[in-house]
Structure formats: C-alpha cells, structure tokens
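Report on the following structure.
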Amino acid sequence: MSLFAALRLPREILFGKGQRHVLPTVASRFGQRALVCTDERFAGTSVFTEIVKSLQAASIEVLVHDRVLPDVPRDSVGICVDEAAKFQPEMVIGIGGGSCLDFAKCAGLLLSHGGKLQDYYGEFKVPGPTLPLIAVPTTAGTGSEVTPVAVISDPDRTLKVGISSPYLIAAVALCDPELTMTCPPILTAIAGADALTHAIEAFTAKRRGEDPSLAQQHVFIGKTALTDHFALLAIKLLGRSLEKACTDGTDADARADVMMGALAAGCAFGTAGTAAAHAVQYPAGALTHTAHGLGVATMMPYVMTYNSRVVAAEMAEIGAALGLEPKGRNAGEMADATIEEIRRLFTAIGITPTLADLGLPADRLDWTADQALGIDRLIKNNPRPFDLTAMRRLVQAAHDGDLAACAM
C-alpha cells in the first residue's frame with residue numbers, strides 16, 4: 001500500500017504552562033468584540049475573572065455567556081445566539097471542558113449562518129467558514145479544541161447527535177495545563193480515559209484505502225500515516241502519566257502530559273474517527289445518563305479484544321507505546337498483554353469495569369446493540385466488521401464482564 005495521509009487541524013496550536021496569558025494577543029488578531037462561552041462553575045473562578053480583565057485591558061469588548069450545560073442541550077445554544085446577535089461578536093472564545101468548546105462551535109455556527117442546529121446535523125452540512133473560534137480547554141479529554149465535530153443533546157432524539165465539518169475546527173487551540181490543575185481525580189480519570197480511547201480507536205481504525213476523494217466525501221476517513229503519529233504520541237503520554245495525574249493532581253509534569261495526550265488524541269481521531277466503543281456508548285450513555293468518557297472507557301477492553309484478531313500488530317505497537325516489553329512475545333501475545341494493561345490502568349483510576357456496573361439494565365442489551373450497529377459512521381470505521389449477532393455478543397460480554405466471549 002502506498003503512503004497516504006490526511007489531517008485537519010487548527011491553523012495555530014499553542015501549548016504550554018501559562019499560555020492563557022497570551023489570549024489577549026491572539027484574540028486581537030480577530031477583532032475587538034468577543035463572545036466568551038463557559039459554564040457557571042468556571043465563570044466563578046478567579047482565573048476566569050483574570051482572563052476577562054486581560055481581554056478588556058487589550059481593548060477587547062467581552063460578552064460572557066456563562067450558562068453552558070453538560071452535553072449541550074440543543075435549544076440552549078439558540079438562547080445564547082439571540083443574546084449575542086446585537087453584540088455582533090467578531091470571534092467566539094470557548095473556555096472550559098468539551099461541552100463548553102462544543103457550545104462555542106455551535107454558537108459561532110448559528111451566528112454565522114443562521115437557522116437551527118438541526119439544519120446542520122451530520123457531515124459537511126455547514127456551508128462555509130464560521131466566526132473564528134479560540135478554544136481554551138480546562139479539562140484534558142475530549143480533544144474538542146482541535147476536532148471538526150460538536151456533539152449536542154436533542155430533546156427529540158434518544159441519542160446525542162453530532163455536527164461534523166472542517167469549518168467547525170477552531171482557528172486557535174490554546175492549551176495551558178495549569179488550567180487543569182484543579183480538576184478533581186474522577187473528572188481527570190474520566191476525561192483522560194476518554195482521550196486514551198480516542199487514541200486507541202484512531203490507531204486501530206479501519207484503513208479505508210487511497211481514493212483521492214475520500215477526504216472530500218467523509219469527515220472521518222480511518223487511520224492514516226499522520227493520524228497514527230498523533231495517536232501513538234497520545235498513548236505514550238497518557239500511559240505514563242494519567243495514573244499519576246489522578247493520584248496527585250498537583251504533579252505539573254503529569255498534568256502537562258495528560259493535556260498534551262488529549263490534544264494529540266484529538267489530532268488523531270479528528271481525522272481518523274472512532275469506532276465501536278463509541279458506538280455502544282451512545283445508547284448505553286443515553287440509558288444510564290453517565291459520562292461519555294466513562295462509557296467509552298468501560299467498553300474499550302472488550303472492543304480491543306473483539307478486534308485483536310485483525311489488528312494484533314497495531315495492538316502490539318500500542319503496548320510498546322504504553323511501555324510494555326515484548327519479552328519474546330509474538331504479536332498476539334503482545335496484544336493480550338496490551339489489553340490487560342489497559343484494564344489495569346482503567347481499574348486503577350476508577351473506571352467502571354462492566355456495562356452492568358454502569359447501570360445498563362439487562363433487558364435493554366438488545367436495544368443497545370441494535371442502536372450501536374445503526375451508527376454507521378462509527379461501525380464502518382471498526383477494523384473487524386460487525387453483524388447484529390456479533391454486536392449483541394459484544395454488548396452482552398461487556399455487561400457480564402466476560403472478556404473471553406468478545407474474542408469469538
């Protein structure tokens with residue numbers, strides 16, 4: 001197979017301790033009026049107050065919308081847009097976790113093109129550039145600061161829905177690991193496990209071929225040489241520091257590793273896409289009302305086991321990135337060791353081990369499997385194909401904690 005790659009990223013990525021202090025300089029390049037989207041918790045911090053004052057000191061007028069809710073309820077974006085219309089912002093600054101960044105993407109979209117969010121569900125529905133977005137993450141997990149997707153909750157749908165377009169990619173991703181220092185251990189764990197799942201699914205995603213029109217027809221195109229580079233970097237950084245960051249949140253080096261890992265994972269899956277672990281989480285999360293990162297991480301060892309027969313070599317590379325020594329093991333044995341290391345790590349940081357523990361009722365397993373199989377953009381990215389029988393077996397195994405049943 002000849003060398004093939006594709007990558008879609010912000011025009012500028014700034015990473016490092018104290019980078020939040022350059023936000024006024026960066027924002028000044030886009031104009032003098034900024035809509036700032038964040039949540040109530042972060043808006044009440046002294047750090048946020050300092051950020052707003054620094055923007056105002058740079059002669060940037062600021063309109064703060066501090067009512068972002070988890071999972072971005074559809075109609076909440078319209079409320080913000082109605083309030084911001086008269087202000088006529090020249091840029092949007094999203095500060096917070098993944099929901100704040102996704103909310104900022106959606107607000108910029110509606111301010112630029114009008115209509116309703118429903119008009120843009122799916123891939124390539126955004127007709128053109130949106131207001132410049134500066135994404136400032138305060139958690140390390142979703143990678144939304146570099147990805148082309150915004151996920152929202154639609155009250156008319158059971159499952160969350162995505163808007164996917166290169167036009168949603170932030171103009172600038174400004175990542176300061178100091179902003180994650182106060183993240184509590186459980187949020188650090190769930191967000192970091194989400195990032196590690198992004199990286200693993202991007203690295204093991206199906207290689208979709210070399211059709212020159214592939215990236216023009218699909219936002220997520222499977223693994224490529226460049227997405228592999230970022231995925232392995234993410235796995236290395238998260239593997240060596242996620243547990244440390246959960247154990248000691250004051251460890252600045254571990255915090256930086258985890259935030260860079262989340263960023264790199266976003267760079268990988270923002271083009272490669274994710275697969276079956278995410279497909280199962282959408283219905284499982286809708287039924288259990290549990291965090292996205294917790295659901296995908298719960299599924300990851302089971303999905304890895306299901307896929308290992310067709311991506312054993314990739315699993316071995318993941319193991320090497322995690323620091324495992326081959327010790328004479330062949331690719332299959334190394335793949336098994338890699339899955340066990342992921343299980344060990346997730347157990348150590350408090351990730352739920354089974355769908356039953358996540359709260360998924362036994363009488364909803366078939367529905368969960370049916371819904372997961374129907375999410376084609378994720379299932380077609382999985383390296384080992386699924387039919388309904390296989391998906392039901394996977395979901396049952398993940399519910400029961402029967403890892404061996406996934407290998408059938």
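Numbers here are sequence positions counted from 1. When reading the values below, keep in mind they use all heavy atoms of this one structure, side chains included, and skip hydrogens, waters and symmetry mates.
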### Summary
L35 and A107 have their tightest heavy-atom pair at CD2-CB, 4.3 Å
### Task
State the SG-CG distance between C246 and L187, to the nearest 0.5 angstrom.
9.5 Å
#### Entry: Minimal non-hydrogen separation, T298 against L355, with atom names
CG2-N, 3.9 Å
### Query
How many angstroms lie between NE2 in H113 and CG in L131, if you round to the nearest 0.5 Å?
8.5 Å
### Message
Assess whether a salt bridge exists between D154 and R74, defined as any Lys/Arg side-chain N lying under 4.0 Å from an Asp/Glu carboxylate O.
### Response
yes
### Task
Would you indicate whether the side-chain heavy atoms of P148 and S165 approach each other to under 4.5 Å?
no
### Message
Before you tell me yes or no, could you show the steps for V146 and I169 under side-chain contact (heavy atoms from CB on, under 4.5 Å), namely the whole-Å CA-CA distance, both residues' side-chain angles and the distance that decides it to 0.1 Å?
### Response
CA-CA 6 Å; V146 294; I169 297 174; 5.9 Å; no
## Note on the structure
Only one of V151, V126, V219 passes side chain to side chain contact (heavy atoms under 4.5 Å, CB included) with I163, and that residue is V126
### Query
With distance as the sole test, does R255 use its side chain to make a donor-acceptor pair with the main-chain N or O of T180 at under 3.5 Å?
yes
### Query
Within the side chain of T188, is there an N or O that forms a donor-acceptor pair under 3.5 Å with the backbone of A245?
no
#### Entry: Test of ring centre spacing under 6.0 Å for H65 and F103
yes
### Query
Taking the side chain from T139 and the backbone from G141, do they hold a donor-acceptor pair closer than 3.5 Å?
no
### Message
Take a 6.0 Å sphere around CD of E40 and say whether it holds more than 12 heavy atoms from other residues, nucleotides or ligands.
### Response
no
### Message
Would the distance check show the side chain of R240 and the main-chain N or O of L322 forming a donor-acceptor pair, the cut-off being under 3.5 Å?
### Response
no
### Message
Is the shortest side-chain heavy-atom distance between M299 and V280 below 4.5 Å?
### Response
yes
### Query
Are the side chain of K125 and the backbone of Y121 linked by a donor-acceptor contact shorter than 3.5 Å?
yes
## Note on the structure
Closest non-hydrogen atoms of P301 and R343, given as atom of the first, atom of the second and distance, are CB-CG, 3.6 Å
### Query
Just how far is it from atom CG of L196 to atom CG of L345, taken to the nearest 0.5 Å?
6.5 Å
### Query
Can we say K105 and E145 salt-bridge, meaning some charged N sits less than 4.0 Å from an Asp/Glu carboxylate O?
no
### Message
For the backbone of F42 and the side chain of T45, can you confirm whether one donor and one acceptor N or O come within less than 3.5 Å of each other?
### Response
yes
### Expected output: side-chain R393 to main-chain C406 donor-acceptor under 3.5 Å
no
### Message
Does this structure show an ion pair linking R207 with E314, if we count only N-O contacts that are shorter than 4.0 Å?
### Response
no
#### Entry: Parallel, tilted or perpendicular, as decided by the 30° and 60° cut-offs, for the rings of F386 and Y306
parallel
### Task
Measure from the side-chain N and O atoms of T271 to the backbone N and O of R8, and report whether any donor-acceptor pair falls under 3.5 Å.
yes
#### Entry: Side-chain donor/acceptor of S153 to backbone N/O of D71, under 3.5 Å
yes
### Query
Out of curiosity, L358 CG to H399 NE2, how far, rounded to the nearest 0.5 Å?
9.5 Å
#### Entry: Side chains of L263 and M260 in contact at under 4.5 Å (non-hydrogen atoms)
yes
### Message
Assess whether a salt bridge exists between E123 and R377, defined as any Lys/Arg side-chain N lying under 4.0 Å from an Asp/Glu carboxylate O.
### Response
no
#### Entry: K380/H218 under side-chain contact (heavy atoms from CB on, under 4.5 Å): CA gap, chis, key distance, verdict
CA-CA 12 Å; K380 70 184 180 185; H218 302 278; 3.4 Å; yes
### Message
Any heavy-atom pair between the side chains of R29 and E12 that's under 4.5 Å?
### Response
yes
### Query
Step by step, would you call F30 with I93 a side-chain contact (heavy atoms from CB on, under 4.5 Å)?
CA-CA 11 Å; F30 299 106; I93 302 174; over 6 Å; no
#### Entry: salt bridge (Lys or Arg N to Asp or Glu O under 4.0 Å) partners for R344, two or more places apart
E243, E341
### Task
Using only heavy-atom distances, determine whether the side chains of D257 and S241 contain a donor-acceptor pair under 3.5 Å.
yes
### Message
Distance alone, cut at 3.5 Å: any donor-acceptor contact between the side chains of D357 and T354?
### Response
yes
### Cation-pi, F203 ring and K223 (6.0 angstrom, 45 degrees)
yes
### Query
Can you check side-chain contact (heavy atoms from CB on, under 4.5 Å) on F4 and L226, steps first, answer last?
CA-CA 9 Å; F4 168 76; L226 287 174; over 6 Å; no
### Message
Would you say that L378 contacts Y282 through its side chain, given a criterion of any heavy-atom pair below 4.5 Å between the two side chains?
### Response
yes
### Query
Judged by modelled atom types alone, do T142 and S144 share a side-chain donor-acceptor pair under 3.5 Å?
no
## Note on the structure
Sorted by chain and number, sequence neighbours left out, salt bridge (Lys or Arg N to Asp or Glu O under 4.0 Å) with D366 holds for R392
### Summary
Closest heavy-atom pair, L179 versus P137, reported as atoms and distance to 0.1 Å, is CD1-O, 3.9 Å
### Contact check, side chains of C267 and L9, non-hydrogen atoms, under 4.5 Å
yes
### Query
Do the non-hydrogen side-chain atoms of Q217 and L214 ever get within less than 4.5 Å of each other?
no
### Query
Of the non-hydrogen atoms in S164 and F220, which two are nearest, and what is the gap between them?
OG-CE1, 3.7 Å
#### Entry: From CZ (R20) to CG (L14), nearest 0.5 Å
14.0 Å
### Task
Just jot down the salt bridge (Lys or Arg N to Asp or Glu O under 4.0 Å) partners of D66, sequence neighbours excluded, or say none.
none
### Inter-residue atom distance L403.CG - I339.CD1, 0.5 Å rounding
6.5 Å
### Message
In the structure I gave you, are the side-chain heavy atoms of V296 and T274 within less than 4.5 Å of one another anywhere?
### Response
no
### Task
Compare every heavy atom of S99 with every heavy atom of V72, then report the nearest pair and how far apart it is.
CG2-O, 3.4 Å
### Message
So that I can tick it off, tell me whether D176 and K17 are bridged by a salt bridge, with the cut-off set at under 4.0 angstrom between side-chain N and carboxylate O.
### Response
no
### Message
Determine whether a donor-acceptor pair (N or O, by modelled atom type, separation under 3.5 Å) exists between the side chain of N381 and the backbone of A275.
### Response
no
